[in-house]
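The structure appears right after this line, and notes come after that.
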Amino acid sequence: MNLVNISKHKNENNRAYTYRVLKENIMRLNLKPGESISEIELSEALDVSRTPVREAIVKLSEEKLVDVFPQRGSFVSKINLNLVEEAVFLRELCEKKILEIACKDPVSDSLITELEKNIEYQKIVVNFNRDLHEFFDLDNYFHTLIFDYYNKKNVWKSVKRLATHYDRLRLIDALEKFSATKTYEQHHDIIDIIKNKTTENIDNLISEHLSKFKHVINNYLDKYPEYFK
């Protein structure tokens, strides 16, 4: 079992620790869609009893990230394209609305500075061929900055809870480097919308930004058929 980021956080109990590590490794594709999850191996790797492992598996099963089959065992859920479509639907509604809110408010220098700093880091990752996990994290944080600034932090958390299958597909896309440059350019366009209050550009840009995967999904279905439900 290939696990990363297994250092225990201060004041983190075994239940929270096991859940966090297992979910992070699923979301970062260290545990592949369809891969078997061994309770024994996981408890040994994390030096915890099997009770928090079972609890984590139950919780992740409820979040549709683990499939549990009686007599067969537990497996990382394969990417469900119906759940991907639902996540895109919700993100599209929320991201269009948050930009409409941004366009009604005065331009915030502090927000623009943080967003521009973020995409400069994105540019460095793309241009210097660095770890594309880093680009994916910067991409997520770019959107987090906007929702947090306009006091919609819990809305964004709800979106992310629904977007686990979509986010794994996005990470495959980032690691394959098909869309990283395009994503960076679209983030630049989002900043321009906020700066210049160009509300007429919101619908087309967000729809295009969130539907990039549709243009390459057949590539991934052919290359990683075992990843998809």
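A quick note: this is a predicted structure, and the numbers were derived from the prediction, not measured.
Nearest heavy atoms, A180 versus F135: O-CZ, 3.3 Å. Shown here for I101 and K152, the closest heavy-atom pair between the two residues is CD1-CE, 4.4 Å. Across every non-hydrogen atom of I6 and A45, the tightest pair is CD1-O, 4.2 Å. The two atoms that bring L138 and V125 nearest to each other are CD1-CG2, 4.0 Å, heavy atoms only. L175 approaches L29 most closely through the heavy-atom pair CD1-CD1, 4.3 Å. K229 approaches N80 most closely through the heavy-atom pair CD-ND2, 3.8 Å.
Counting non-hydrogen atoms of other residues, nucleotides and ligands closer than 6.0 Å to CZ of R15 gives a total of 12 or fewer. Heavy-atom neighbours of K97 NZ from other residues, nucleotides or ligands within 6.0 Å: at or below the threshold of 12. More than 12 heavy atoms of other residues, nucleotides or ligands sit less than 6.0 Å from atom OH of Y220. Heavy-atom contacts from other residues, nucleotides or ligands closer than 6.0 Å to CG of D222 number more than 12. Enclosure of atom CZ in F75 by more than 12 non-hydrogen atoms of other residues, nucleotides or ligands within 6.0 angstrom is indicated. For F69, the CZ atom counts as densely surrounded, since its 6.0 Å shell holds more than 12 non-hydrogen atoms of other residues, nucleotides or ligands.
Salt bridge annotation for K96-E100: absent, with no cationic side-chain nitrogen under 4.0 angstrom from a carboxylate oxygen. Using a cutoff of 4.0 Å between basic side-chain nitrogens and carboxylate oxygens, E95 and R91 are scored as salt-bridged. Looking at D137 and R28, a side-chain N of the basic residue comes within less than 4.0 Å of a carboxylate O on the acidic one, giving a salt bridge. A salt bridge does not link R161 with E63: none of the charged nitrogens is closer than 4.0 Å to a carboxylate oxygen.
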Where do N154 and W156 land on the side chain to side chain contact (heavy atoms under 4.5 Å, CB included) test, with the steps shown first? CA-CA 5 Å; N154 290 317; W156 183 241; over 6 Å; no
Could you give me the CA-CA distance, side-chain angles and deciding distance for K117 and E114, then say whether salt bridge (Lys or Arg N to Asp or Glu O under 4.0 Å) is met? CA-CA 5 Å; K117 186 192 302 181; E114 289 301 312; 3.3 Å; yes
From CA spacing to verdict: side chain to side chain contact (heavy atoms under 4.5 Å, CB included), D109, I112: CA-CA 5 Å; D109 290 340; I112 296 300; 5.6 Å; no
Hey, mind stepping through K32 and V76 against side chain to side chain contact (heavy atoms under 4.5 Å, CB included) and telling me if it holds? CA-CA 7 Å; K32 310 297 185 188; V76 177; over 6 Å; no
With side chain to side chain contact (heavy atoms under 4.5 Å, CB included) as the test, would you mind laying out the steps for I190 and I206 before giving the verdict? CA-CA 8 Å; I190 288 172; I206 295 302; 4.2 Å; yes
Could you go step by step and tell me if E226 and K78 meet the salt bridge (Lys or Arg N to Asp or Glu O under 4.0 Å) rule? CA-CA 8 Å; E226 70 279 11; K78 295 187 176 185; over 6 Å; no
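Legend: residues meeting side chain to side chain donor-acceptor pair (under 3.5 Å) with K8, ordered by chain and number and at least two apart, are N14. Partners of E86 by side chain to side chain donor-acceptor pair (under 3.5 Å), not counting sequence neighbours: none found. Take K160 and apply the side chain to side chain donor-acceptor pair (under 3.5 Å) test, not counting sequence neighbours, and it matches N140, D167.
Cluster membership check: F136 shares its hydrophobic cluster with I124, using side-chain heavy-atom separations under 4.5 Å among Ile, Leu, Val, Met, Phe, Trp and Tyr. In terms of hydrophobic clustering, with Ile, Leu, Val, Met, Phe, Trp and Tyr side chains grouped at heavy-atom distances under 4.5 Å, I98 and V155 are assigned to a common cluster. Under the 4.5 Å side-chain contact rule for hydrophobic residues, F142 and V107 share a cluster. Linking ILVMFWY side-chain heavy atoms closer than 4.5 Å, directly or via other members, places F89 and L99 in two distinct hydrophobic clusters.
Aromatic ring pairs are classed by plane angle as parallel below 30°, tilted from 30° to 60° and perpendicular above 60°; the pair Y184 and H188 is perpendicular.
Using a 4.5 Å cut-off on side-chain heavy atoms (C-beta onward), N218 and L221 make contact. In this structure, C103 and I202 have side chains that are in contact, with non-hydrogen atoms separated by less than 4.5 Å. In this structure, the side chains of L81 and H165 stay at 4.5 Å or more apart for every pair of heavy atoms. Between V53 and V48 the shortest side-chain heavy-atom distance falls below 4.5 Å. In this structure, N30 and E24 have side chains that are not in contact, with every pair of non-hydrogen atoms separated by 4.5 Å or more. For the pair L46/V21, a side-chain contact is recorded, criterion being any heavy-atom separation below 4.5 Å from C-beta on. The closest side-chain heavy-atom distance from S108 to Y149 is below 4.5 Å.
With rounding to the nearest 0.5 Å, the separation of CG in L83 from CG in L162 is 7.5 Å. Separating the CD atom in E208 from the CG atom in N201 is a distance of 11.5 Å, to the nearest 0.5 Å. Residue H209 holds its NE2 atom at 14.5 Å from CG of N204, rounded to the nearest 0.5 Å. Interatomic distance, I194 CD1 to Y150 OH, rounded to the nearest 0.5 Å: 5.5 Å. A distance of 7.0 Å separates CG in N5 from CG in N25, rounded to the nearest 0.5 Å. A distance of 11.0 Å separates CG in D139 from CG in L132, rounded to the nearest 0.5 Å.
Side chains of R168 and S77: a donor-acceptor N/O pair is present below 3.5 angstrom, by distance only. In the model, E176 has a side-chain atom that pairs as donor or acceptor with a side-chain atom of Y224 under 3.5 Å. No side-chain N or O of H187 forms a donor-acceptor pair with one of N118 less than 3.5 Å apart.
A cation-pi contact, defined as under 6.0 Å to the ring centre and within 45° of the axis, links R170 to Y166.
Each of V58, L60, V66, L65 was compared with E62 under the side chain to side chain contact (heavy atoms under 4.5 Å, CB included) criterion, and only V58 meets it.
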